[in-house]
Amino acid sequence: MPRIKVPRKSTAIDMTAMCDVAFLLLTFFILTAKPKVEDPVAVDMPKSATEQTLPETGVAILTVGKGKVFFTIDGPENRKQTLLQMGTKYSIGFTPSEVKQFQNLDNVGVPMQQLKQYLAMDAEQRKAVVNAGRGIPTDSVSNELYNWVHEARVVEKNLTNKELLFSIKGDGNEEYPTMQRIIAILQKQKVNKFSLITTLRAK
Amino acid sequence: MAELDTSGGGGKKGGKVRSKKQSTRVDLTAMVDLAFLLVTFFMLTTTLNKPKAMDLAMPDKDDKNTQEPIAASRTMTVLLGSGNKLEWFVGEPGVTPPTIGDYSKNDKGIRKVLIEQSQKVKSTTGKDMFVIVKPSEKSVYKNVVDVLDELHITNNMSFAIVDISPVEIGLLKRDNLF
C-alpha cells in the first residue's frame with residue numbers, strides 16, 4: 001500500500017529581504033548618529049535623577065573643567081556668524097578658509113588673539129595649546145566669554161528668531177567660584193534661566 | 001529573488017557536455033545577524049545616550065521690586081561647605097544654630113532633612129518652605145547639583161541659589177567646614 005508522501009520542504013528561508021531591511025536600518029542609524037564630541041578637558045559630570053533631555057538644537061554649551069571654560073556653538077551657520085561678529089568686535093579679519101576651519105571646531109577655548117594661529121594648527125598642536133592655555137578669558141579685564149555669549153545670542157536671534165538656550169556642562173569636582181563667575185557672566189546679560197547637564201542616576 | 005536561473009538551457013538531448021553550474025544562493029543568516037547587531041548598537045547609543053539637563057532659574061539680580069519678603073520662619077538655608085558637608089538651619093543666620101549634615105540618604109542626609117522640615121513648616125505656617133542654597137567658595141559644583149537634585153526629588157520647588165554672606169562663612173568656619 002503506497003503511503004502518501006508529504007514532500008519535505010527545505011528549512012532554509014530566503015534571507016534577502018531581511019538582510020535588505022537590516023542594512024537599510026543600519027545605514028539610517030549610522031547616518032543619523034552624531035559623532036561624540038570630545039571634551040577638551042576631562043569632565044566628570046555630576047549625577048542627578050533628572051530625566052529631562054537636552055534639546056538637540058538651539059543650545060550653546062559651556063564646558064567647565066580645571067578652571068577653564070570652553071564654548072560650543074551649535075550649527076555651522078551660527079558658528080560662522082558668531083565668529084565674524086567677534087572678529088569685528090576685536091578687529092580681527094578671518095579668511096574664508098579660517099571660517100571653514102572654525103565651523104569644524106567643536107569648541108572655542110582660546111583667547112581671541114590666539115584664535116587665528118589656533119585655527120592654522122593641526123589636531124595635535126591644538127590639543128597642546130588647549131592643555132597649556134587657560135580657556136576663554138573670563139576675568140573682568142578681558143571678559144571674552146561675555147562677548148562670545150552675547151554674540152551667539154544675537155546671531156541665534158537673527159537667524160531663528162528664538163532665544164538661545166544655555167547649558168553648563170561642568171566637572172563635578174570643579175570649585176564653586178568658577179561656576180559662580182560663569183553664572184554671573186550669564187546673569188549680567190539677563191540670562192537667568194539655563195540648564196545643568198548631568199548624567200542619570202537612579203533615585 | 002536574488003537567485004540566478006541555474007537550470008540548464010532546456011531538455012535538449014545530445015547537446016554539449018556542460019559543466020555543472022553551482023548554485024549562487026548564499027546563506028545570508030550570518031550577515032543578517034551581524035546587521036541587526038549593529039542596528040541595535042547604533043539605536044541604543046543614539047537614543048539612549050542623550051544628555052540629561054536640569055533646568056535652573058536664578059533670581060534676577062537687578063529686579064529688586066518684585067521680590068516679596070518671605071518670613072524667616074519658613075525659610076531654610078543650606079550652607080555648602082568643604083569636604084562634602086553642609087550645614088542647614090531654619091530662620092535667620094546667627095539666631096538659629098545650624099545643624100551639620102551631608103548629601104547621603106541616611107538620617108543626617110539632606111533628603112531626610114528636607115522632607116522633615118518642609119512638613120514641619122507646612123504644619124506650622126500652612127505655606128510651602130522656601131529653601132535658600134548658599135554654596136561657599138570651598139564647595140564644589142557637584143554639591144550644588146546634589147542639593148538641587150534632592151530639592152527636585154523631595155518636591156521643594158521654591159528655592160534659590162544665593163551668594164553666601166560673611167556671617168554664614170563664619171558659621172562654616174566655626175565648624176571647620178570652610
Side-chain angles (χ1 to χ4, degrees), chain A residues 12-19 21-26 28-30 32-34 36 44-56 59 61 64 165 167-180 183-184 186-188 190-201 203, chain B residues 1-3 25-63 80 82 84 105 111 134-153 161 163-164:
Chain A
I13 316 166
D14 185 43
M15 287 276 176
T16 325
M18 197 169 172
C19 195
V21 172
F23 273 99
L24 181 80
L25 286 174
L26 183 59
F28 170 74
F29 279 111
I30 290 180
T32 51
K34 262 194 192 167
K36 194 174 177 278
D44 179 22
M45 285 179 279
K47 293 191 176 83
S48 84
T50 324
E51 279 169 22
Q52 216 175 346
T53 50
L54 196 68
E56 301 249 310
V59 189
I61 298 173
V64 188
L165 301 172
S167 213
I168 298 178
K169 183 179 187 177
D171 186 73
N173 290 318
E174 188 60 45
E175 285 174 5
Y176 188 68
T178 320
M179 290 295 163
Q180 204 172 17
I183 292 172
L186 290 176
Q187 283 202 282
K188 221 156 107 189
K190 294 237 172 211
V191 181
N192 288 317
K193 273 184 111 169
F194 42 86
S195 56
L196 310 173
I197 301 182
T198 57
T199 50
L200 192 62
R201 155 178 69 189
K203 281 186 194 181
Chain B
M1 266 189 231
E3 279 167 69
R25 186 185 263 235
V26 189
D27 186 18
L28 291 177
T29 323
M31 196 167 169
V32 173
D33 284 354
L34 182 76
F36 271 107
L37 181 80
L38 289 174
V39 165
T40 322
F41 171 74
F42 276 100
M43 237 164 72
L44 293 183
T45 48
T46 49
T47 52
L48 293 183
N49 204 15
K50 277 194 186 139
K52 303 278 180 281
M54 179 192 278
D55 280 335
L56 173 65
M58 295 290 283
D60 199 328
K61 277 192 172 163
D62 308 324
D63 200 3
L80 312 184
S82 60
N84 290 331
K105 287 179 190 168
R111 185 181 301 181
K134 296 193 173 181
S136 74
E137 282 152 48
K138 294 288 156 70
S139 63
V140 292
Y141 172 60
K142 191 174 71 190
N143 300 150
V144 181
V145 174
D146 278 345
V147 170
L148 294 181
D149 194 32
E150 295 298 343
L151 284 166
H152 282 284
I153 291 171
I161 299 179
D163 293 342
I164 199 160

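Note that this is a predicted model, so its numbers are computed, not measured. Letters A, B, ... are given to chains in the order of the sequence lines, protein chains preceding strands, and every chain is numbered from 1.
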Chain B contact via [X] - which portion, at a heavy-atom distance below 4.5 Å:
{"X": "A/Q187", "result": "side chain"}
{"X": "A/L165", "result": "neither"}
{"X": "A/K47", "result": "backbone"}

So do the side chains of [X] and [Y] get within less than 4.5 Å of each other, counting heavy atoms only?
{"X": "B/L80", "Y": "A/Y176", "answer": "no"}
{"X": "A/I168", "Y": "B/L56", "answer": "no"}
{"X": "B/Y141", "Y": "A/L196", "answer": "yes"}

**Prompt:** Given that the side chain runs from C-beta out, which part of B/L34 has a heavy atom under 4.5 Å from chain A: side chain, backbone, both or neither?
**Reply:**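 For B/L34, no heavy atom lies under 4.5 Å from chain A.
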**Prompt:** Using non-hydrogen atoms only, which part of B/T40 is less than 4.5 Å away from chain A: side chain, backbone, both, or neither?
**Reply:**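 Answer is neither: B/T40 stays 4.5 Å or more from chain A.
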**Asked** With respect to chain B, which residue among A/L25, A/T199, A/I30 yields the maximal number of heavy-atom pairs within a distance under 4.5 Å?
**Response**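 Top count of heavy-atom pairs under 4.5 Å with chain B: A/I30.
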**Request:** State the CE-CG distance between A/M179 and A/D171, to the nearest 0.5 angstrom.
**Result:**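 So the CE of A/M179 and the CG of A/D171 are separated by 7.5 Å.
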**Item:** Polar side-chain atom of B/D149 near backbone of A/A49 as donor-acceptor pair, under 3.5 Å
**Value:**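 Looks like yes, one N/O pair under 3.5 Å.
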